[in-house]
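Report on one structure; see the data block that follows.
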Amino acid sequence: MQPSLKFLARLQNNHLQRIPFSNLEYFRFGSKWIDFNNAFSLIDPVLKGRGGICFHLNYAFYCLLNSIGFHCDLIGCLIEESDIDHMAIVVHLDDQLYYVDVGYGFYFIYQPLPIMDGIYKDRSGIYKVEKAEDHFVIRKQYKRKWIHKLSINLIPRDIRDFRQTYWKHINNGGYLSKRTIFSIYTLNGFIIFSDNSLTIYEGQDCFKYKLPLWRG
């Protein structure tokens with residue numbers, strides 16, 4: 001198939017509903033979980049269905065898109081930090097740029113998001129994209145307020161550029177080392193396990209449950 005927005009959206013949906021976001025293997029392998037000098041170590045968990053974090057998921061998806069003719073780049077994003085703390089993809093298609101992310105880990109976009117000023121509806125909610133100096137900001141509507149989700153920088157990057165970002169996540173109490181996370185998209189929503197909590201999103205509805213702790 002030729003690269004197209006419809007094809008890209010279908011690939012993104014299929015990936016999100018089949019490959020989980022998960023940091024479980026970090027608690028097995030520790031800091032050696034990711035080797036940025038060995039690209040296959042990033043792709044292998046995805047190919048085997050075990051999933052991973054943004055570096056695994058978005059890098060594997062980026063490689064897939066490149067292999068079938070899409071023009072795309074890896075980019076750095078800022079979610080909560082003043083420096084890059086997330087990796088995503090920008091796709092160049094029909095003279096338009098699209099933000100693509102299969103490794104966010106929490107309830108976010110299902111489909112490619114145009115990188116241009118505007119308001120866009122997605123199954124997970126309504127998003128606003130705004131240009132701000134040398135980057136773009138993505139916000140999500142929640143109870144009539146626009147909540148900041150992330151800022152994106154369009155400078156193309158190499159996978160090895162994210163080595164320090166990874167170390168920041170696993171050192172000094174970074175979120176990857178604080179708690180277990182396992183999440184996956186469903187046809188109508190999103191499911192996330194974190195330690196002993198379960199959250200289920202169905203459209204705009206959210207249901208939260210506390211699970212009993214297992215003691216071996």
Side-chain angles (χ1 to χ4, degrees), residues 5 8-9 11-13 15-17 20-21 23 53-55 57-59 61-62 65 72-157 161-162 165 168-169 174-176 178-179 181 183-192 194 197 199-208:
L5 182 58
L8 177 60
L11 289 170
Q12 183 171 346
N13 270 263
H15 189 289
L16 289 169
Q17 294 176 44
F21 178 99
N23 71 340
I53 58 175
C54 67
F55 309 115
L57 302 173
N58 280 325
Y59 183 63
F61 198 59
Y62 160 82
L65 294 178
C72 51
D73 299 304
L74 296 174
I75 58 169
C77 307
L78 290 78
I79 299 177
E80 297 179 350
E81 305 289 339
S82 58
D83 198 3
I84 291 172
D85 57 357
H86 180 59
M87 185 185 83
I89 305 166
V90 61
V91 176
H92 306 248
L93 190 61
D94 299 329
D95 298 320
Q96 173 63 52
L97 300 180
Y98 292 90
Y99 177 83
V100 174
D101 197 341
V102 296
Y104 190 80
F106 296 90
Y107 200 26
F108 199 35
I109 54 173
Y110 275 85
Q111 59 193 19
L113 188 67
I115 303 177
M116 61 184 297
D117 287 359
I119 296 176
Y120 305 94
K121 189 174 182 180
D122 182 270
R123 273 186 287 171
S124 63
I126 299 175
Y127 296 88
K128 178 189 287 186
V129 179
E130 292 180 309
K131 180 81 165 62
E133 297 181 355
D134 60 346
H135 62 278
F136 283 84
V137 177
I138 299 176
R139 295 183 174 89
K140 183 177 182 179
Q141 190 177 61
Y142 181 72
K143 293 183 178 180
R144 298 185 178 182
K145 293 183 179 180
W146 292 105
I147 307 300
H148 179 273
K149 296 302 290 185
L150 51 75
S151 301
I152 58 177
N153 187 306
L154 297 178
I155 298 173
R157 299 179 185 273
D161 294 340
F162 295 93
T165 304
K168 183 170 61 176
H169 283 322
Y175 86 97
L176 283 177
K178 283 182 178 179
R179 57 192 172 115
I181 303 172
S183 64
I184 194 164
Y185 286 73
T186 65
L187 185 62
N188 298 310
F190 183 76
I191 298 172
I192 179 169
S194 182
S197 67
T199 304
I200 300 174
Y201 293 89
E202 294 182 359
Q204 298 302 302
D205 297 321
C206 177
F207 307 92
K208 296 185 177 183

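Hydrogens, waters and symmetry mates play no part in the numbers below; they use all other heavy atoms, side chains included. The chain is numbered in sequence order, starting from 1.
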Tabulate below the donor-acceptor pairs under 3.5 Å that side-chain atoms of residues 140-152 make, not counting sequence neighbours, or state none.
{"unit_1": "Lys140", "atom_1": "NZ", "unit_2": "Ser124", "atom_2": "O", "d": "3.0"}
{"unit_1": "His148", "atom_1": "NE2", "unit_2": "Ser151", "atom_2": "OG", "d": "3.2"}

*Scan for salt bridge (charged side-chain N to carboxylate O under 4.0 Å, His left out) pairs involving residues 93-115, sequence neighbours excluded, and state none if there are none.*
none
*Check whether any side-chain heavy atom of Leu78 sits under 4.5 Å from a side-chain heavy atom of Ile84, and report yes or no.*
yes
_Tell me every residue that passes side chain to side chain donor-acceptor pair (under 3.5 Å) with Asn153, counting only those two or more places apart in sequence or in another chain._
none
*Parallel, tilted or perpendicular: rings of Phe190 and Tyr201 (30°, 60°)*: tilted
*Give the minimum heavy-atom separation between Leu11 and Leu65, together with the two atoms involved.*
CD1-CD2, 4.0 Å
_Rounded to the nearest 0.5 Å, what separates atom CD1 in Ile75 from atom CZ in Phe162?_
8.0 Å
*Quick one: closest heavy-atom pair of Cys72 and His92, and the distance?*
CA-CD2, 4.2 Å
*What's the verdict on side chain to side chain contact (heavy atoms under 4.5 Å, CB included) for Phe136 and Asp117, showing C-alpha distance, side-chain angles and the deciding distance?*
CA-CA 9 Å; Phe136 283 84; Asp117 287 359; 4.3 Å; yes
*Pairwise distance CD(Glu130) to CZ(Arg139) - rounded to 0.5 angstrom*: 5.0 Å
*Which pair of heavy atoms, one from Val100 and one from Gln12, lies closest together, and at what distance?*
CG1-OE1, 3.6 Å
*Sequence neighbours left out, what passes salt bridge (Lys or Arg N to Asp or Glu O under 4.0 Å) with Glu202? Give chain and number order.*
none
*By side chain to side chain contact (heavy atoms under 4.5 Å, CB included), which residues pair with Pro156, not counting sequence neighbours?*
Asp73
*Of all the heavy-atom pairs spanning Val90 and Leu154, show the shortest one and how long it is.*
CG2-CD2, 4.3 Å
_Can you list everything that forms a side chain to side chain contact (heavy atoms under 4.5 Å, CB included) with Leu57? Sequence neighbours excluded, please._
His15, Ile19, Phe21, Val46, Val102
*Among all residues two or more places apart in sequence or in another chain, which pass the side chain to side chain donor-acceptor pair (under 3.5 Å) test with Arg157?*
none
_Sub-4.5 Å side-chain heavy-atom contact between Asp161 and Met87_ = no
*Identify, with sequence neighbours excluded, every residue that meets side chain to side chain donor-acceptor pair (under 3.5 Å) alongside Ser197.*
none
_To check you understand the geometry: which heavy-atom pair defines the closest contact between Ile184 and Pro20, and what is its length?_
CD1-N, 4.1 Å
*asked:* What's the separation between atom NE2 in His135 and atom CD1 in Ile115, rounded to the nearest 0.5 Å?
replied: 13.0 Å
Can you give the donor-acceptor pairs under 3.5 Å from side chains of residues 106-113 to other protein atoms, not counting sequence neighbours?
{"unit_1": "Tyr107", "atom_1": "OH", "unit_2": "Gly203", "atom_2": "O", "d": "3.2"}
{"unit_1": "Tyr110", "atom_1": "OH", "unit_2": "Thr186", "atom_2": "O", "d": "3.1"}
{"unit_1": "Tyr110", "atom_1": "OH", "unit_2": "Gly189", "atom_2": "N", "d": "3.0"}
{"unit_1": "Tyr110", "atom_1": "OH", "unit_2": "Gly189", "atom_2": "O", "d": "2.6"}
{"unit_1": "Gln111", "atom_1": "NE2", "unit_2": "Lys121", "atom_2": "O", "d": "3.2"}

*What is the distance from atom CD1 of Ile191 to atom OG1 of Thr199, rounded to the nearest 0.5 Å?*
10.5 Å
*Would you give the length of the straight line joining atom OG1 of Thr165 to atom CG of Asp85, rounded to the nearest 0.5 angstrom?*
7.5 Å
*asked:* Could you report the tightest heavy-atom contact between Gly105 and Ile192, atom names first, then the distance?
replied: O-CD1, 4.0 Å
